[in-house]
Amino acid sequence: MFFLKIFAFAVFCALFAAGCTSSGTGEGIVYAPPRADAATLAKRSGELAAALASCEVRGLAFYPENLRKLHLDSPDEFLNLAGQFGFNRFYVCLTSPDSLEHPGLPVLLEAAERAGYPVEAVLPESNYVIGRRGNWLLKLFVPGGTTLEKMLEHIREFEAESKGFRFSGITVIAEPHLFTMSNIHRPKEQVYAWSESTYGPGLDNDMMMKLTLDKLEAFSTMLGGTPFTVAIPDFYQELAEDGKLTCGSVEDFEKFASKVMILNAGNKPTEAIEAVRNELRGARPGSLLVSVTLAEHTSVTTGALRRRNWTDFTRSLGHAISDWKQSPAFDGIVLGPFSQIETLYQEK
């Protein structure tokens with residue numbers, strides 16, 4: 001079962017990364033006007049708000065590169081719509097230092113903070129764990145990349161240059177399973193590599209998970225009291241419980257993270273509910289968030305929540321939340337990407 005989950009999560013990562021590119025001009029994507037009428041839009045925003053209402057954390061994830069130009073030019077439009085949807089926290093996905101330099105982002109984040117919205121920075125580990133190549137010629141021409149520690153410096157510089165804005169938390173997406181032998185971003189000095197053939201105590205996958213835990217625990221000490229969340233795929237817990245890894249469970253990440261976010265790759269509502277069942281059972285009360293990615297199209301069959309229309313989406317989401325709420329560990333949901341939610345919301 002967990003092999004299927006790994007494949008689904010690979011698709012989830014592809015969908016997650018797809019949101020980082022923009023077909024716009026670098027100043028925000030320009031969309032056509034909504035095809036649904038005003039009454040329909042008002043009804044739909046109320047339906048989503050009702051589905052999310054019981055969650056303590058109602059997070060909205062977005063990429064700066066994929067915001068509409070309208071939202072960047074007029075932050076009030078973005079904040080008004082987010083409020084109508086019922087969101088109370090923002091998760092801004094930063095895939096590189098360039099994300100912080102996106103036109104209009106500082107003004108938007110400052111407006112969000114003034115309006116009372118906490119904003120967390122989300123850092124996918126694989127975007128920053130990039131080692132120097134061994135070949136001396138490549139070292140001359142190929143940059144070594146940005147580490148998590150260096151990205152934190154960029155974040156602090158961004159905060160210092162803003163008009164009082166501060167990120168309310170830092171979230172890192174832990175992804176040791178992406179560092180296979182064929183991954184060119186894997187540091188050359190790294191002895192271990194993730195592989196389907198190296199499960200078991202003390203083998204490569206187990207050592208990769210231990211290294212990840214050590215690295216993130218050390219990173220957490222650099223945050224100066226800023227709340228730290230670790231996001232993990234929905235199959236690490238299963239691998240640990242099955243004895244294929246000696247660590248990597250929710251409990252392991254909770255030792256240094258204030259919250260753990262589960263990246264739910266369920267495609268159908270029933271799959272989404274079951275995907276986090278083990279994590280909810282093992283986590284401490286109020287410590288677990290569930291991240292749900294909305295599928296781009298109904299043809300998407302894995303890695304993201306598929307929907308036929310807005311009603312199907314909100315009904316499925318409400319059913320899943322109702323089920324998850326039965327666990328004391330569940331503290332809320334992070335939904336995204338915003339560009340997909342808005343597109344579905346505006347459909348006729």
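In what follows, every heavy atom counts, from backbone to side chain, and hydrogens, waters and symmetry copies are set aside. Quick caveat: nothing in here was measured; it's all calculated off a predicted structure.
- Not one N or O on the side chain of Ser322 forms a donor-acceptor pair closer than 3.5 Å with the backbone of Gly318.
- Note that OG of Ser339 and NE2 of His71 are 10.0 Å apart. Values are rounded to the nearest 0.5 Å.
- Residues passing the salt bridge (Lys or Arg N to Asp or Glu O under 4.0 Å) test with Arg315, sequence neighbours excluded: none.
- Here the side chain of Asn88 pairs a donor or acceptor atom with the backbone of Arg58 at under 3.5 angstrom.
- Between Pro103 and Leu72 the shortest side-chain heavy-atom distance does not fall below 4.5 Å.
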Go through the steps to decide whether Val250 and Asn278 satisfy the test side chain to side chain contact (heavy atoms under 4.5 Å, CB included), and finish with yes or no.
CA-CA 9 Å; Val250 168; Asn278 292 346; over 6 Å; no
Between Asn264 and Trp324, is the side chain to side chain contact (heavy atoms under 4.5 Å, CB included) condition met? List the steps.
CA-CA 12 Å; Asn264 192 324; Trp324 297 332; 3.5 Å; yes
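- Remark: side-chain polar atoms of Glu47 are not paired, donor with acceptor, to backbone N or O of Thr314 under 3.5 angstrom.
- Under 4.0 Å is where a charged nitrogen must lie from a carboxylate oxygen, and between Glu77 and Arg68 no such pair does.
- Listed here is the closest heavy atom pair of Met181 and Ala193: N-CB, 3.7 Å.
- Interatomic distance, CG of Leu41 versus OH of Tyr345, reported as 4.0 Å (0.5 Å rounding).
- Ion pair Arg156/Glu159 flagged as a salt bridge, since at least one NZ, NE, NH1 or NH2 atom sits closer than 4.0 Å to an Asp/Glu carboxylate oxygen.
- With hydrogens and angles disregarded, a donor-acceptor distance shorter than 3.5 Å links the side chain of Asp234 to the backbone of Ala265.
- Of the possible donor and acceptor atoms, one in the side chain of Asp37 sits under 3.5 Å from a partner among the backbone N and O of Ala39.
- Using a 4.5 Å cut-off on side-chain heavy atoms (C-beta onward), Thr226 and Phe228 make no contact.
- For the pair Leu335/Phe85, no side-chain contact is recorded, criterion being any heavy-atom separation below 4.5 Å from C-beta on.
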Show the numbers, then the answer: is there a ring-ring contact (aromatic ring centres under 6.0 Å, His included) between Phe78 and Phe90?
CA-CA 11 Å; Phe78 175 83; Phe90 297 142; 5.3 Å; yes
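- Qualifying side chain to side chain donor-acceptor pair (under 3.5 Å) partners for Thr221, counting only residues two or more places apart in sequence or in other chains: none.
- In this structure, Lys259 contributes its side chain and Ala231 its backbone to no donor-acceptor pair below 3.5 Å.
- A donor-acceptor pair under 3.5 Å is absent between the side-chain atoms of Asp331 and the main chain of Leu288, judged by distance alone.
- Judged by distance alone, the side chain of Glu254 and the main-chain N or O of Arg284 form a donor-acceptor pair under 3.5 Å.
- Side-chain contact between Gln237 and Glu251 is present, with at least one heavy-atom pair separated by less than 4.5 Å.
- Atom OH of residue Tyr236 and atom CG of residue Asp252 lie 12.5 Å apart, to the nearest 0.5 angstrom.
- Looking only at side-chain heavy atoms (C-beta outward), Pro97 and Phe158 stay at 4.5 Å or farther from each other.
- Linking Ile, Leu, Val, Met, Phe, Trp and Tyr residues whenever their side-chain heavy atoms come within less than 4.5 Å leaves Leu203 and Tyr192 in two separate clusters.
- Looking at Asn205, its side chain does come within 3.5 Å of a backbone N or O of Ser195 through a donor-acceptor pair.
- Atom-to-atom distance recorded for Glu271:CD and Arg306:CZ is 8.0 Å, nearest 0.5 angstrom.
- You'll find the side chain of Leu213 stays beyond 4.5 Å of the side chain of Lys255, heavy atoms only.
- Side-chain contact of Glu241 with Ser249: a donor-acceptor pair under 3.5 Å is absent, judged by distance alone.
- When all heavy atoms of Glu65 and Ser99 are compared, the pair lying nearest together is OE2-OG, 3.0 Å.
- The shortest side-chain heavy-atom distance between Tyr91 and Leu289 falls under the 4.5 Å cut-off.
- Expressed to the nearest 0.5 Å, how far CG of Leu148 lies from CG of Leu216 amounts to 7.0 Å.
- Between the side chains of Ser316 and Arg308, no donor N or O sits under 3.5 Å from an acceptor N or O.
- Shortest non-hydrogen contact noted between Ala174 and Ile232 is CB-CG2, 4.1 Å.
- Ionic pairing of Arg277 and Asp323 is present here: one or more N-O contacts between side-chain nitrogen and carboxylate oxygen are shorter than 4.0 angstrom.
- A donor-acceptor pair shorter than 3.5 Å cannot be found between the side chains of Tyr63 and His102.
- Leu52 and Ile333 make their closest contact through CD2-CG2, 3.7 Å (heavy atoms, listed as atom of the first residue, atom of the second, distance).
- Closest non-hydrogen pair, Pro64 versus Leu94, comes out as CG-CD2, 4.3 Å.
- Annotation: side chain of Phe330 is not in contact with side chain of Val276 (no heavy-atom distance under 4.5 Å).
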Worked verdict on Ile341 versus Phe87 for side chain to side chain contact (heavy atoms under 4.5 Å, CB included)
CA-CA 12 Å; Ile341 298 171; Phe87 293 110; 4.3 Å; yes
Solution key, residues 106-124 side-chain donor-acceptor pairs under 3.5 Å, sequence neighbours excluded:
from	atom 1	to	atom 2	distance (Å)
Glu110	OE2	Lys163	N	3.0
Glu113	OE2	Arg166	N	3.3
Glu120	OE1	Thr171	OG1	3.0
Glu120	OE2	Arg89	NH1	3.2

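- Considering every non-hydrogen atom in both Thr146 and Met151, the closest pair reads CG2-N, 3.8 Å.
- One distance of note links CH2 of Trp310 with OG of Ser45; it measures 7.5 Å at 0.5 Å rounding.
- Looking only at atom types and distance, the side chain of Asp206 has a donor-acceptor partner in the side chain of Thr246 under 3.5 Å away.
- Residue His319 places its NE2 atom among 12 or fewer non-hydrogen atoms of other residues, nucleotides or ligands, all under 6.0 Å distant.
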Any chance you could lay out the side chain to side chain contact (heavy atoms under 4.5 Å, CB included) test for Glu238 and Asp242, step after step, and finish with the verdict?
CA-CA 6 Å; Glu238 188 175 349; Asp242 289 348; 3.7 Å; yes
